[in-house]
Chemist: 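What follows is a structure written as structure tokens; I'll ask about it next.
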Amino acid sequence: MTSGRQLDRPLLFGAPATEHAHELTRAFQEQYFKTLDSRPVAPVVDRSALRALTSGGLPDDGTPLDVLYDELERTIVPNCTHTAHPRFIPYVQPSPNGLMPFADAVVATLNQNCNLWTLSPAANAIEQVLVRWFGELFGIAGAAGLLTSGGSAANFIALAAARDRTLGADARTRGLQGRNSPLTLYTSDQTHSSIAKAVAMLGLGTDSLRIVESDGACRIRLDRLESAIASDLLAGATPFCVVGNAGTVTTGAVDPIGELAALARAHGMWLHVDGAYGALTALSPRFRPLMEDLRLADSLSLDPHKFLFCSFDAGCVLVRERSDLLRSFSTNPSYLSMPSDDDFIDYANYGPQLSRSFRALKVWWSLRHFGRRAYAEVIESMADLALQMAREVERQTQLEALCPVTLNCFCFRRKDLDDAGNLRVLDELTRSGFALLGPARVHGVTGLRACFMNLRTRPSDVSQIVERIARMVV
Ligand SMILES: Cc1ncc(COP(=O)(O)O)c(C=O)c1O
């Protein structure tokens, strides 16, 4: 230090700059939730205010917390999209449950690194119990797995494991180099884009991903799937994986998983099920039968930051065989060598991440604090909102459904408007600040999508949204 002044660890918690953090957090949350309903769901972005806030350079000296807090209230919050607002229903994105601000604060305070068990023993035990609970919920007893940043990461890990099992012992060293027979995989035209992204990242090439047509209910067509596999075999390719959906991203459709499993088994293929959206509806008696066949999957993605209403981010992947994860992801550099222990798992060997947060705490606390029965009730109440919307849309002569309701989302359109007109309705609704819905394109037709995953949405919100859309002049 050129000045010779001792800085006295200025970043340490409890130093003058942060001593009001607790009070400010509480005040912020109280104020935010008190005013949430009256805010526009999506802001009219004040670009000049954001530019003014962000135009300076990297500061040499610190800014008092009160000033930062003032900026938060004045500029940041008014330019946020309010995802916990009762009429925020565009995507598979929940409002977080009430434990989350507390759990996230504890996680940041403990700052466990869930890469090696020695750095996070309690977190390790908790992550293991979650994987066991999820394995039991889906009837994949003894499943291995880990928490991930979300469904996209879970899908990536599962497809890496599927690819490497097919490539065999030298998967890590040779990769895809020198293969004569291209690896091909299959999924429906309703599948989430994270699958194609994973296929590209894994070096498989998206040309090898066969997109199979879905039926009127948005479920994969098995006849089309079988003929795609047959023609690839004839051409000398190696079909290695089928990706089914337990809740397609746009309409919430569930593929015929039992039939997909039988087909995959007949061809020695891996069955991955993307259950990021819908798998956790298995917590509810109403949806359990629909999810029964997930027990047949070789791997399954699920997202606690969806139907467990956990804050971002918390996903999970389950894989039937532990060795499939280790083949793809284990490493053993000298600087990470730690004693292994049969009671614990080094999660760094199960996925691409090294440093990992203590995500398990918020998921475990959510399940323990609320319990399965409360989740069943909430999940079914969300599905009831989708059914209510479908009934109300049916009563409006100028509206029509695009697809039947399976889970908790509903897609519909204005019959009197073309695709562009329906998008104008969506824009106008967003601009009004009253509600935020998403766009939906179902079998070539464009409309609107409501996905009910918001703990604050009331039946009266649904009725008001339908009325507005039906009467809107665009
Ligand atoms: C079916 C499906 N798969 C994957 C994803 C991606 O999940 P994440 O956003 O957690 O990465 C989503 C997100 O909505 C989804 O609905």
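Nothing fancy with the numbering, it's 1 onward along the sequence. As the structure lists them, so they are numbered: ligands from 1, and atoms in each ligand from 1.
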Chemist: May I ask you to say whether R359 pairs ionically with D313, meaning some side-chain N is under 4.0 Å from a carboxylate O?
Modeler: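 Yes, charged N to carboxylate O under 4.0 Å.
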Chemist: Return the residue, atom name and 0.1 Å-rounded distance of the protein heavy atom closest to atom 13 (C) of ligand 1.
Modeler: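 The protein heavy atom lying closest is K306 NZ, 3.2 Å.
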Chemist: Select one of side chain, backbone, both or neither to describe which atoms of S152 lie under 4.0 Å from any atom of ligand 1, heavy atoms only.
Modeler: both
Chemist: Salt-bridged, R286 to D384, with N to O below 4.0 Å?
Modeler: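 Salt bridge flag = yes for D384 with R286.
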Chemist: Could you tell me, atom by atom, which parts of ligand 1 come under 4.0 Å of a heavy atom of G247?
Modeler: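 Listed by number with element, the hits are 1 (C).
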Chemist: Starting from atom 2 (C) of ligand 1, find the nearest protein heavy-atom neighbour and note its residue, name and distance.
Modeler: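 Answer, as residue, atom name and distance: D274 OD2, 3.5 Å.
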Chemist: For F434, does the six-membered ring have the charged nitrogen or CZ of R87 within the cation-pi criterion, i.e. under 6.0 angstrom from the centroid and within 45° of the normal?
Modeler: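 Yes, cation above the ring, under 6.0 Å and within 45°.
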Chemist: Using a distance-only test with no angle check, is there a side-chain donor-acceptor pair under 3.5 angstrom linking E392 and Q396?
Modeler: no
Chemist: Which atoms of ligand 1 sit under 4.0 Å from any heavy atom of D303?
Modeler: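 Those of ligand 1 that fall under 4.0 Å from D303 are 7 (O), 8 (P), 10 (O).
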Chemist: Would you check, one step at a time, whether the test ring-ring contact (aromatic ring centres under 6.0 Å, His included) holds for H267 with F240?
Modeler: CA-CA 8 Å; H267 291 285; F240 82 102; over 10 Å; no
Chemist: Using a 6.0 Å cut-off, check whether atom CZ of F102 has over 12 heavy atoms from anything other than its own residue.
Modeler: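 Incorrect, the count does not exceed 12.
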Chemist: Nearest to atom 15 (C) of ligand 1, what protein heavy atom do you find, and at what distance?
Modeler: H192 CD2, 3.5 Å
Chemist: Do Y186 and D232 have side-chain atoms, one donor and one acceptor, less than 3.5 Å apart?
Modeler: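 There is such a pair (donor and acceptor under 3.5 Å, judged by atom type) between the side chains of Y186 and D232.
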Chemist: Does ligand 1 have a heavy atom under 4.0 Å from the side chain of Q93, from its backbone, from both, or from neither?
Modeler: neither
Chemist: For atom 8 (P) of ligand 1, which protein heavy atom lies nearest, and how many Å away is it?
Modeler: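 Residue, atom and distance for the closest contact: G151 N, 3.4 Å.
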Chemist: Closer than 4.0 Å to some heavy atom of G150 - which atoms of ligand 1 meet that?
Modeler: 10 (O), 11 (O)
